Amino acid sequence: MPELPEVETIAQGLAKRITGDVVQSVWLGEKPEPLKSPAGEIVATLEHSRIAGVRRMGKHIVFDLEQGRVRSARGALWIVHLGMSGRLQICEPQEDVAKHTHAIIKLESGRELRFVDPRRFGRLSVAPANFDAGGFEPLDVELKDFVALFRGRKTPIKSALLNQKLLRGVGNIYADESLFRAGIRPRRRASTITHEGLHKLFLSVKEVLREAIALGGSSISDYVDADGEEGFFQLQHRVYGREGEPCLVCKTPVKRVVLGGRSSHYCPKCQK
DNA sequence: ATACCGACCTGTCAGC
DNA sequence: TGCTGACAGGTCGGTA
């Protein structure tokens with residue numbers, strides 16, 4: 001479900017509400033599929049830890065933990081990837097447990113943090129405090145590094161944008177929207193884009209992500225943030241999900257093609 | 001290196 | 001009403 005702006009919105013919401021709280025106990029569902037680390041390790045790392053902060057890394061939600069009685073400064077990380085359909089919700093204990101709830105974290109404040117994920121593509125793991133997911137943060141990357149990412153790559157530019165080892169956090173919606181604003185077709189080989197084109201793309205990616213974060217992300221079907229609030233960036237989509245509808249610039253019908261198994265939307269006239 | 005495909009899962013919606 | 005197929009914000013591993 002969520003890309004960078006949605007994950008950022010969720011992480012900010014969680015940070016506001018549970019920073020400083022302490023994990024009392026952890027319940028994990030019996031099926032271990034969603035776990036990337038052994039269940040025992042996740043439980044041992046989380047229990048009695050203080051949540052010192054919540055932040056986003058690419059599409060991961062990262063909880064900074066101060067561990068155990070000693071609350072060592074070194075700490076550890078609890079990392080949640082929401083996959084396509086994952087949600088993290090803060091609940092009162094008496095609230096009904098939703099179908100497909102795979103983890104419940106009881107907090108000393110009395111609230112619970114619940115991980116719900118119908119499609120089970122989400123992943124839970126723990127990692128040392130120095131963990132790094134690799135790739136550049138799109139909002140922080142500098143122009144020269146951005147340009148270097150694509151130089152000499154024959155892969156379609158959209159595939160490169162979706163490659164989390166290069167840039168982390170850009171997904172299907174924001175790749176399409178960024179390419180539209182930069183006037184570049186999704187199938188265009190990365191290596192054939194001029195420096196000027198890459199500069200435009202560099203600006204477009206940042207602009208799209210910043211606007212989307214400001215609007216709380218895109219709510220398609222069921223996305224809501226940690227407070228249960230919907231985002232509004234879906235109202236700003238210019239090509240994503242608009243197959244056959246007129247381009248907002250030139251009225252040409254928006255095209256949809258499949259690229260690497262993903263729907264890709266573009267204006268055949270505005271994007272070259 | 002690259003590109004395409006299916007796999008992983010469940011839910012929803014359009015069409016018949 | 002019910003069935004079927006397409007499709008969904010993500011990633012991984014196999015194959016040529």
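On a predicted model such as this, the values are computed, not experimentally measured, just so you know. Each chain gets a letter, A, B and so on, in the order the sequences are listed, and its residues count up from 1.
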Legend entry - Sugar-phosphate only, base, or nothing, as touched by A:R189 at under 4.0 Å among non-hydrogen atoms: sugar-phosphate
Legend entry - Sugar-phosphate, base or nothing in reach of A:K99, heavy atoms under 4.0 Å: sugar-phosphate
Legend entry - Contact list for residues 224-252 of chain A, test salt bridge (Lys or Arg N to Asp or Glu O under 4.0 Å), sequence neighbours left out: A:R17-A:D227, A:R242-A:E245, A:E243-A:R256
On the nucleotide [N], are OP1 or OP2 found under 4.0 Å from the side-chain N or O atoms that [X] carries?
{"X": "A:Q164", "N": "C:dT11", "value": "yes"}
{"X": "A:H100", "N": "B:dG11", "value": "yes"}
{"X": "A:H81", "N": "C:dT11", "value": "yes"}
{"X": "A:K154", "N": "B:dA3", "value": "no"}

Legend entry - Intra- and interstrand pairs of DNA chain C - dot-bracket, Watson-Crick/G-U under 3.5 Å, | marks other strand: .|||||||.|||||||
Legend entry - Residue list, side chain to side chain contact (heavy atoms under 4.5 Å, CB included) with A:E196, at least two apart or on another chain: A:T194
Inset, instruction - Name the orientation class of the two ring planes belonging to A:H199 and A:F202 (parallel below 30°, tilted from 30 to 60°, perpendicular beyond 60°). - result: tilted
Rounding to an integer number of Å, can you tell me how far [X] [atom1] sits from [N] [atom2]?
{"X": "A:L162", "N": "B:dC4", "atom1": "CG", "atom2": "P", "result": "13 Å"}
{"X": "A:R120", "N": "C:dT11", "atom1": "CZ", "atom2": "C1'", "result": "17 Å"}
{"X": "A:K165", "N": "B:dT2", "atom1": "NZ", "atom2": "C1'", "result": "15 Å"}
{"X": "A:R168", "N": "C:dT11", "atom1": "CZ", "atom2": "C1'", "result": "17 Å"}
{"X": "A:D117", "N": "B:dG11", "atom1": "CG", "atom2": "C1'", "result": "12 Å"}
{"X": "A:D176", "N": "C:dG10", "atom1": "CG", "atom2": "P", "result": "10 Å"}

Inset, instruction - Could you tell me the separation between the CZ atom of A:R56 and the CD atom of A:E8, rounded to the nearest 0.5 Å? - result: 5.0 Å
Inset, instruction - List in chain and number order the residues that pass side chain to side chain donor-acceptor pair (under 3.5 Å) with A:D21, two or more places apart in sequence or in another chain; answer none if no residue qualifies. - result: A:S109, A:R111
Legend entry - P-based separation of C:dG5 from B:dG6 [nearest Å]: 15 Å
Legend entry - Rounded P spacing from B:dC9 to C:dC3 in Å: 24 Å
Legend entry - Any side-chain donor near an acceptor of the partner, A:S264 and A:K158, under 3.5 Å: yes
Legend entry - Side-chain heavy-atom pair A:S49, A:V22 within 4.5 angstrom cut-off: no
Inset, instruction - Kindly check if the number of other-residue, nucleotide or ligand heavy atoms within 6.0 Å of CG (A:D96) is above 12? - result: no
Polar atom pairs between nucleotides 6-8 of chain C and protein, under 3.5 Å, N or O only, would you list them?
unit_1 : atom_1 : unit_2 : atom_2 : d
C:dC7  : OP1    : A:R256 : NH2    : 2.9
C:dA8  : OP1    : A:S263 : OG     : 2.6
C:dA8  : OP2    : A:S263 : OG     : 3.4
C:dA8  : N3     : A:R119 : NH1    : 3.0

Legend entry - Inter- and intrachain pairs under ring-ring contact (aromatic ring centres under 6.0 Å, His included), touching residues 98-128 of chain A, at least two apart: none
Legend entry - Face-to-face contact A:F121 to C:dT11 six-ring, under 5.5 Å, under 30°: no
